[in-house]
Structure formats: C-alpha cells, structure tokens
Amino acid sequence: MGVAVPGGPLPRLGGFGAYDELGEPDEMGDPGPGRRPAGIDGLPAPDELLQGLNEPQRRAVACHGGPLLVIAGAGSGKTRVLTRRVAHLIASGEARPSEILAITFTNKAAGEMRERLVDLVGPVASRMWVSTFHAACVRILRSHADRLGYRRSFTIYDAADSRHLVDRILRERNLDTKKLPPRSVLAAISGAKSELVDFETFRARAVTIFEQRIADVYGEYQERLVAASAMDFDDLLVVTVNLLQACPDVLETYQRRFRYVLVDEYQDTNRAQNELVLMLAAEHHNVCVVGDADQSIYGFRGADIRNILEFEEAFPEAQVIPLEQNYRSTRTILDAANAVIGHNTTRVPKALWSQGETGEPVRRYRADDEHDEAAWVAAEICRLRDKEGLRLGDVAVFYRTNAQSRALEEALVRAAIAFKVVGGTRFYDRREVKDVLAYLRVVANPADEMSARRIVNVPRRGVGDTSVAKLSAWARAEGRSFAEALDHAGEAGVVGKALQGVSALCGVLADLRSAAAAGGGPARMVELVAERTGYRTVLEADQTVEGRGRLENLGELAGAAAEYDDLDQFLESVALVSDADDLDGDASRVSLMTLQTAKGLEFPAVFLVGMEDGVFPHLRALDDPRQLEEERRLCYVGMTRARRHLYVSHAWSRTLWGSTSHAIPSRFLAELPPELVQDTGGASTSRPGALRRVPSRRPWASVPVRDAGDRPSAGDGADDFHDPDPWGDGDGAVTGRRAAAAGSQRPRSVTRGAAPRPTGTRRLPKMAEERFRQPPGR
DNA sequence: GATGGCAACATTTTT
DNA sequence: TGTTGCCATC
C-alpha cells in the first residue's frame with residue numbers, strides 16, 4: 001500500500017488493505033474489545049503508546065470517548081498524535097480496528113498512517129478504514145450507489161472530464177463560452193456542490209441572469225452525470241451525503257460500524273465533508289478532529305474554516321486540546337513564521353514555541369530575474385550538500401504556481417543537481433493514457449457517454465462528426481446510451497467507412513468485455529486496448545521522442561494496472577491519485593513543488609522562491625483581504641516546513657507568458673523581522689543600482705559540476721541533519737523508505753537544460769527602479 | 001474526414 | 001510561453 005509503482009509515477013492508492021465487502025464487525029476477523037488482553041498479540045501496552053509525548057499530546061492520545069478537537073500548530077507532532085491515538089484505541093481494547101474511520105488529506109498520508117499503524121499494532125491495522133474523504137466515499141458508494149439510481153460501477157469524472165461536459169452543454173445550448181467560460185461555470189457548480197446546494201436550490205437563489213444561466217447548466221450537467229452513471233469529485237461527497245440522508249438504514253449501518261471517527265487537516269474540509277462527519281458521529285459522538293486554522297489554504301476550493309471554528313458548537317461537550325510546542329523548526333524559523341502569520345487580523349491568536357536551538361538566520365536573496373534566482377538556488381543547494389552535508393533529498397524548493405518550476409529545472413539541470421518535480425502535469429492526464437483509460441471506462445460503465453465519445457474515433461477510424469451526430473441522435477431518440485448506439489450504427493444511419501470503423505470499435509469492445517468476463521485483470525485489458533485498437537502499432541511507427549515516450553507511458557500504465565485485480569478498483573485509483581501522492585521521499589533528489597503540495601511535509605532545508613507581489617501573494621488575491629490572508633497562511637505553511645535552513649528570494653523582473661515585467665518584493669518579506677534575516681547578496685545590496693552584466697562575477701558561476709544524483713558518501717549521515725526525524729517516531733514526511741520511481745523525472749527538463757543559453761543571449765537584467773527598492777530588511 | 005497552419009488564450013493553488 | 005482550438009484546404 002502506498003508504494004510507488006516501480007518504474008512508474010503512478011502510486012498505488014494507500015486507501016485500503018483488502019478491498020472487502022462491508023462486513024459486520026464480527027466478521028472482520030479481529031478479536032473484539034475485551035477479548036484481547038492488552039500487551040499480547042504483538043500489541044503494545046497502552047501506556048507504551050504514551051511514551052515520548054508531551055502532556056497535551058498525551059491527553060489527546062489517551063482521552064477516549066466523546067468529541068475532541070486538537071488544535072495542532074505546525075510541527076507540533078499532530079500526525080504522531082493521531083497515529084498513536086488510533087493505536088491506543090486498539091491497544092486499550094476500546095475499539096476494534098474495523099470500528100475506526102481515519103480520514104487524511106491525501107492518499108499518501110493515508111498510506112503512511114497505515115504503515116505506521118502496522119508498525120504499532122501489527123497487521124490488524126489493515127482492517128481499518130484509513131483514507132481520504134473521497135476514497136472513503138467511493139467505497140461506500142460502491143456498495144450502495146444503486147439506491148440512488150447509479151450503477152455500482154459508476155465512473156469518476158476528473159476535472160477535465162467535468163469541464164468537457166460543461167463545455168458540451170454550453171455549446172449545445174448555444175451559450176456564449178466567452179461570457180460563460182466553462183471554467184467559471186464549473187467553479188460555480190463546484191462551489192455550490194461543496195456547500196451541498198443542489199441545482200434546484202441554486203436556481204431558486206439565482207438573482208442575476210448570469211446565475212440563472214449557470215443554474216440551468218448546473219441542472220443539465222447533473223442530469224447528464226446521472227444518465228452516464230458518473231460522478232465528479234464533488235459528487236463523491238454530495239451523493240454520499242444524499243445517500244445517508246435518504247437511506248436511514250445505510251446511515252445506521254455506518255454509524256454503528258464507525259464507532260470512532262478521526263479527521264486530519266480539518267481546517268481544509270468543506271461543508272459537505274463536515275456534514276458527512278457530523279452525520280457519522282451523530283450517534284456516538286466519538287469524533288476527533290485535528291487541524292490548525294492558520295494552515296487553512298484551500299478556501300478557494302470550498303474549504304471552510306468555520307467547520308473547525310464551529311466544532312465546539314456542533315459538540316458542546318467537546319474537549320479542546322491545543323498543541324503549541326513545535327518540534328520541527330529552529331526558533332528563528334518559527335519566530336519568522338509567527339511574525340508573518342501575526343499580520344492576519346481575522347485570526348485567533350496563538351503562538352507556537354520551541355525549545356530547539358536558535359539556528360541560522362533566514363537567508364534572503366534579491367535576484368535580477370528568475371534565472372538569476374534559480375542559479376542562486378542551485379548554488380546554495382550545492383553549498384548545503386558540500387559544506388553542510390545535506391543530502392539532496394533534504395532540500396525542497398517551493399513556489400506559488402507550477403509554471404515557476406521551469407527556470408528552476410533548467411538551473412538544476414545545468415548544475416547537475418538531481419531533482420524531482422512533484423505535481424504539475426499528471427501522468428494520467430496524458431492523452432494516450434486517457435485514451436486507453438476511456439476504453440476501460442466504457443467497459444466498466446457502458447453508460448459513460450463522455451468516455452464513449454472520446455474513443456469513438458481514437459485512434460482514427462474514419463468516424464467523423466457527422467457520424468457521431470447520427471449515433472447521438474439515435475441514442476437520444478431510442479432512449480439508449482451512446483455506447484449502445486455503436487451496436488446499432490447501421491440503424492442510426494452511419495454508412496461507408498464510418499460504419500466499418502464503428503463495427504471495428506464494437507469488435508474491440510466485445511473483446512474487452514469477454515476478457516473482463518474471463519477474469520482478465522486491468523493490466524491485460526490495457527494490453528488488449530493497445531493491441532486491438534492498433535494504438536501500439538501507431539506508436540511504434542512513431543520514432544520521435546514523443547512517440548517513444550507515449551509507448552513508455554502505456555507500458556507504465558499496464559504496470560500500474562497490474563497492481564490491481566479489479567477493473568473498478570484500478571479506475572478508481574487512477575481517478576483519485578493526486579500530485580502529492582507522487583512524492584516518493586527519494587533521498588537523492590531535490591523536491592520541487594507548489595506550496596500547497598508542500599502541506600504536511602517537512603525538509604531540513606527549504607527555499608521559498610518568487611516572493612513578489614503579484615506572484616506570491618498571487619495577483620488575484622491582492623485586492624481581496626480574505627484571499628490575501630489565505631496567501632499569508634500559505635506563506636506560513638511554506639516557512640514552517642523548514643527545519644534548519646530557510647531561504648527566501650524574489651526577482652526584480654520575471655518573464656511570465658513570454659513577457660517580462662517588473663515586480664516588487666512580496667509584502668510577506670517585509671513582514672519578516674529584520675533581525676532574523678540575513679541578506680545573501682544579489683541585486684541592490686552588493687552593487688546597488690548597478691547593472692550586473694557579467695554572470696561570471698557571481699560566486700556560484702564556478703560551481704563544480706557533479707553527476708546528477710551524486711552525493712556525499714553514505715557514511716556521513718550520522719548527525720541530526722540526516723536523521724529524518726530526530727525528535728519523533730517517524731513524523732518526518734521525507735522518509736526515504738520508498739522505492740524511487742525511476743524515470744519519473746520529466747524528460748522535458750533534461751532536453752531543455754541540455755542546451756544552456758549562450759551567454760550572449762542572456763537578457764540583461766532590467767534596472768531596478770529606485771521606488772521599487774526596499775530598504776534592507778524592512 | 002483528415003491534416004496542417006495560424007490565432008487566440010492562458011495560469012493560481014487541487015481532492 | 002506553450003497549448004489548444006478553429007478554419008481552410010486536400
């Protein structure tokens with residue numbers, strides 16, 4: 001579980017052990033409470049689980065029964081508390097593993113928690129539900145979705161599928177996609193769903209014409225989803241809530257089953273998720289939520305801090321335990337982070353403290369442009385590796401938007417520093433992968449119109465728009481699905497080459513179905529699609545880099561599929577993997593990622609780059625105080641990921657979408673206490689006002705080039721820089737235990753970086769205007 | 001119905 | 001800047 005597929009970037013879902021049917025607890029094979037004396041069967045004595053914890057942590061672990069709110073500051077050992085608490089519930093005989101539902105934010109976090117629980121209490125841990133909200137909902141829905149008119153093999157639409165569907169609806173209704181961009185329509189729909197507002201309610205509330213239009217689209221969108229037996233991400237939550245509301249027997253089943261509910265990152269739950277928790281806990285009230293309002297960074301996607309703030313209203317008898325001692329960062333880093341977050345006005349004041357050492361100052365660099373900034377990052381990473389003895393895996397670079405990774409990738413390639421970009425373009429978003437998956441989705445769910453339309457002419461088989469329109473019309477007239485129309489292409493009026501093409505497709509689908517019926521696993525089916533459609537032949541003929549890459553991707557997809565026996569499970573895992581799941585804790589590579597992906601992680605050394613107003617905080621947040629505060633929380637999250645070394649930088653000019661513009665340093669930089677910050681040179685400090693034409697004057701221009709992945713010998717890892725978790729029991733997110741996903745470094749970065757820009761073409765840094773310059777440290 | 005070329009557009013952040 | 005979608009042509 002949770003282990004990256006060897007050689008591929010597709011991680012296996014960390015969600016569940018055995019994907020068993022929902023059974024009564026007694027059938028789950030674990031001894032019940034009272035029947036298992038503590039301390040034997042490989043279980044630790046409950047008191048052992050309290051060792052090494054501070055007082056509030058201990059209370060949070062040991063207090064059973066009743067609602068509990070743990071306010072866990074950054075680095076306060078929250079994951080550890082959560083894990084120990086679950087183990088304690090089991091070890092003390094309070095709960096059976098099967099009675100516990102633990103919700104985490106990412107699949108990777110779920111996988112790690114499960115791993116640690118296995119370490120603590122043994123294999124019985126696999127009887128627990130440890131998963132994300134979405135994965136837990138899918139699991140419930142697989143058993144009961146038919147009660148609401150969905151197939152049990154429903155399809156999960158990702159963001160792109162959803163957008164295509166909205167786009168299609170807008171077009172069919174002749175609505176102007178300029179005035180009503182699919183993106184914003186979808187955002188409105190998604191926002192409504194995350195607050196459990198259905199389309200009738202949405203329509204009733206609609207005031208402007210704009211809103212009324214969206215309401216109409218929302219209505220049809222939902223109808224089409226149901227007709228296709230498909231759910232978008234929001235539906236997974238909404239439909240589950242609807243299910244539990246509509247079917248009291250189902251609700252009762254799960255209320256009885258999950259006697260203990262635990263939720264991590266509660267500040268990032270939306271109203272639908274909150275409702276789910278409240279419903280499940282309504283009977284027993286054994287609900288423990290952990291969160292930190294200062295780390296709420298998903299407001300833009302419907303997360304609602306009120307959930308955590310109002311927890312005590314929902315459960316007046318709730319205990320509240322704050323964890324304020326930080327075990328992660330140096331005092332300097334912590335003070336700096338506290339100073340920044342202190343500028344948020346709508347905030348319950350709280351102060352993290354640390355007994356750790358003071359540590360080094362925050363290092364700040366003022367770069368000419370993003371290339372200069374990236375070169376500085378590369379040079380500092382070399383220094384950390386060579387002088388401070390850090391491994392590359394100890395270093396992370398965070399940025400606000402994925403687009404910023406480019407310059408960094410180039411510089412790192414040039415400096416021969418091995419790195420890994422986490423997130424960005426996802427494996428399963430690649431065309432050939434989505435194409436093959438669409439075939440499998442049609443087999444799993446023939447009602448899935450979007451997928452059927454996608455494959456009807458992929459690869460090219462002469463079925464054009466007119467034929468598709470005929471099939472579509474026939475399906476509508478007959479009240480059948482689009483996939484069924486394929487079998488009646490002749491009746492539908494499809495002729496000639498197109499008709500041949502459609503019957504070829506039907507042949508492929510028939511083969512796939514019989515393979516599935518004969519027990520062929522997902523991997524076999526991936527192979528079959530590649531063979532029978534001629535996809536493989538086409539790609540093999542393509543000798544370009546892209547062609548080879550695509551072929552490789554299909555191989556990787558088959559490899560990922562081989563991890564599963566069941567088609568539905570495989571498709572579900574593909575739909576639910578996230579960027580953060582891609583992290584493999586490879587000790588030999590620097591990690592590059594967005595700030596949000598960084599949540600929940602920690603690194604000995606952290607770079608926060610692109611700290612300019614308009615980049616971070618993001619342009620769209622500048623004039624909205626609420627969004628600005630969210631950006632500041634994001635900054636806080638980023639800073640508190642660092643253990644010992646924190647670097648911040650900004651560039652005076654930055655090229656974005658092909659045009660270069662000036663930028664002033666981020667206001668967040670001005671919020672850092674000057675005495676905690678050390679300037680490390682760069683424009684406007686070492687040579688104020690001067691154009692810096694000669695790159696070789698840079699101290700790092702003569703950085704020794706090493707082979708990528710090279711690092712100091714393994715023997716030097718004895719000091720605490722190298723201990724992934726000197727204070728704890730493995731709370732560090734960078735565990736290095738995972739197998740490296742070989743070849744997952746994006747080839748694009750290698751080819752780009754292999755051709756360094758000739759010095760002569762290096763754009764001269766624009767003069768930093770006086771009014772843009774900040775007095776040092778203020 | 002397929003292909004190639006050009007213009008317009010786009011970037012927050014993600015389960 | 002890179003991608004996507006539209007249009008004209010074969």
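All of these numbers come straight from a predicted model, not from anything done at the bench. Order of the sequence lines fixes the chain letters, A, B, ..., with proteins taken first and strands second; residue numbering starts at 1 for each chain.
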S.K.: The criterion is salt bridge (Lys or Arg N to Asp or Glu O under 4.0 Å); which residues satisfy it with A:Arg620, sequence neighbours excluded?
M.R.: none
S.K.: Return yes if a side-chain donor-acceptor contact under 3.5 Å exists between A:Asp294 and A:Gln267, otherwise no.
M.R.: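 No pair is found: no donor N or O on one side chain lies under 3.5 Å from an acceptor on the other.
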S.K.: Determine whether the aromatic ring centres of residues A:Tyr157 and A:Tyr221 are separated by less than 6.0 angstrom.
M.R.: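 When the ring centroids of A:Tyr221 and A:Tyr157 are compared, they turn out to be at least 6.0 Å apart.
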S.K.: Applying the side-chain hydrogen bond (donor to acceptor under 3.5 Å, both in side chains) criterion to A:Ser153, which one of A:Asn445, A:Asp448, A:Asp568 satisfies it?
M.R.: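 Only one of A:Asn445, A:Asp448, A:Asp568 forms a side-chain hydrogen bond (donor to acceptor under 3.5 Å, both in side chains) with A:Ser153, namely A:Asp568.
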S.K.: Using a 3.5 Å limit on both pairing distances, list the dot-bracket string of DNA chain B from the 5' end; Watson-Crick and G-U wobble pairs count, crossing pairs take [ ], interstrand pairs take |.
M.R.: |||||||||......
S.K.: Rounded to whole Å, please give me the gap between CZ in A:Arg431 and C1' in C:dT3.
M.R.: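 That distance rounds to 11 Å.
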S.K.: Can you list, by residue number, the residues of residues 616-631 of chain A that have a non-hydrogen atom closer than 4.0 angstrom to DNA chain B?
M.R.: A:His618, A:Arg620, A:Gln627
S.K.: Closer to the 5' end of DNA chain B via nearest nucleotide, is it A:Leu656 or A:Asp465?
M.R.: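 It is A:Asp465, whose closest nucleotide lies nearer the 5' terminus.
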S.K.: Could you tell me which residues satisfy salt bridge (Lys or Arg N to Asp or Glu O under 4.0 Å) with A:Glu265, sequence neighbours excluded, listed by chain and number?
M.R.: A:Lys78, A:Lys599
S.K.: Which heavy atom of A:Arg454 sits nearest to which heavy atom of A:Ala438, and what is that distance?
M.R.: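 That closest heavy-atom pairing would be CD-CB, 3.7 Å.
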S.K.: Given the C1' atoms of B:dT13 and C:dT4, what is the spacing between them in whole Å?
M.R.: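 Nearest-Å result for B:dT13 against C:dT4 at atom C1': 22 Å.
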S.K.: Contact class for A:Phe133 vs. all strands (heavy atom < 4.0 Å): base, sugar-phosphate, or nothing?
M.R.: nothing
S.K.: Between A:Arg633 (side chain) and A:Ser296 (backbone), is there a donor-acceptor pair under 3.5 Å?
M.R.: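 Answer holds: yes.
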S.K.: Got a sec? Which of residues 264-274 of chain A come in under 4.0 Å of DNA chain B, heavy atoms?
M.R.: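 Contacting residues: none.
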S.K.: Do the ring planes of A:Phe570 and A:Tyr564 sit parallel (below 30°), tilted (30 to 60°) or perpendicular (above 60°)?
M.R.: tilted
S.K.: With sequence neighbours left out, write down each residue that passes side-chain hydrogen bond (donor to acceptor under 3.5 Å, both in side chains) with A:Asn270, or none if nothing qualifies.
M.R.: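 By the side-chain hydrogen bond (donor to acceptor under 3.5 Å, both in side chains) rule, A:Asn270 matches no residue at all.
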S.K.: Suppose the criterion is side-chain hydrogen bond (donor to acceptor under 3.5 Å, both in side chains): which pairs have a residue in residues 457-471 of chain A, not counting sequence neighbours?
M.R.: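 Only A:Tyr439-A:Arg461 qualify under side-chain hydrogen bond (donor to acceptor under 3.5 Å, both in side chains).
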S.K.: Who pairs with A:Phe668 by ring pair (Phe, Tyr, Trp, His ring centres under 6.0 Å), at least two apart in sequence or on another chain?
M.R.: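 Checked A:Phe668 against ring pair (Phe, Tyr, Trp, His ring centres under 6.0 Å); matches are A:Phe616.
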S.K.: Look at all strands and tell whether A:Ser467 reaches a base, only sugar-phosphate, or nothing, counting heavy atoms closer than 4.0 Å.
M.R.: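 If one applies the 4.0 Å heavy-atom cut-off, A:Ser467 turns out to touch the sugar-phosphate alone, with no base involved.
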S.K.: Measure from the side-chain N and O atoms of A:Glu629 to the backbone N and O of A:Arg626, and report whether any donor-acceptor pair falls under 3.5 Å.
M.R.: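 Here the side-chain-to-backbone pair does not exist.
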S.K.: Provide a list of protein-nucleic acid N or O atom pairs under 3.5 angstrom, restricted to nucleotides 5-9 of chain C.
M.R.:
{"unit_1": "C:dC6", "atom_1": "OP1", "unit_2": "A:Arg171", "atom_2": "NH1", "d": "3.2"}
{"unit_1": "C:dC6", "atom_1": "OP1", "unit_2": "A:Arg171", "atom_2": "NH2", "d": "3.1"}

S.K.: Considering residues at least two apart in sequence or located in another chain, which fulfil the side-chain hydrogen bond (donor to acceptor under 3.5 Å, both in side chains) criterion with A:Thr640?
M.R.: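 A:Thr640: no side-chain hydrogen bond (donor to acceptor under 3.5 Å, both in side chains) contacts found.
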S.K.: Using a 4.0 Å heavy-atom cut-off across all strands, classify A:Arg183 as base, sugar-phosphate, or nothing.
M.R.: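 Here A:Arg183 touches the backbone only, sparing every base.
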S.K.: On DNA chain B, which is the earliest and which the latest nucleotide, 5' to 3', with an atom closer than 4.0 Å to a heavy atom of chain A?
M.R.: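 It runs B:dG1 to B:dT15.
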S.K.: Nearest 0.5 Å, what's the CG-CG distance between A:Asp167 and A:Leu175?
M.R.: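 Interatomic distance, A:Asp167 CG to A:Leu175 CG, rounded to 0.5 Å: 11.0 Å.
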S.K.: Determine whether the side chains of A:Ser162 and A:Asp232 contain a donor N or O and an acceptor N or O closer than 3.5 Å.
M.R.: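 Looking only at side-chain atoms, A:Asp232 and A:Ser162 do not form any donor-acceptor pair under 3.5 Å.
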S.K.: Return the set of residues passing side-chain hydrogen bond (donor to acceptor under 3.5 Å, both in side chains) with A:Ser503 (not counting sequence neighbours), or none when no residue passes.
M.R.: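 Applying side-chain hydrogen bond (donor to acceptor under 3.5 Å, both in side chains) to A:Ser503 gives none.
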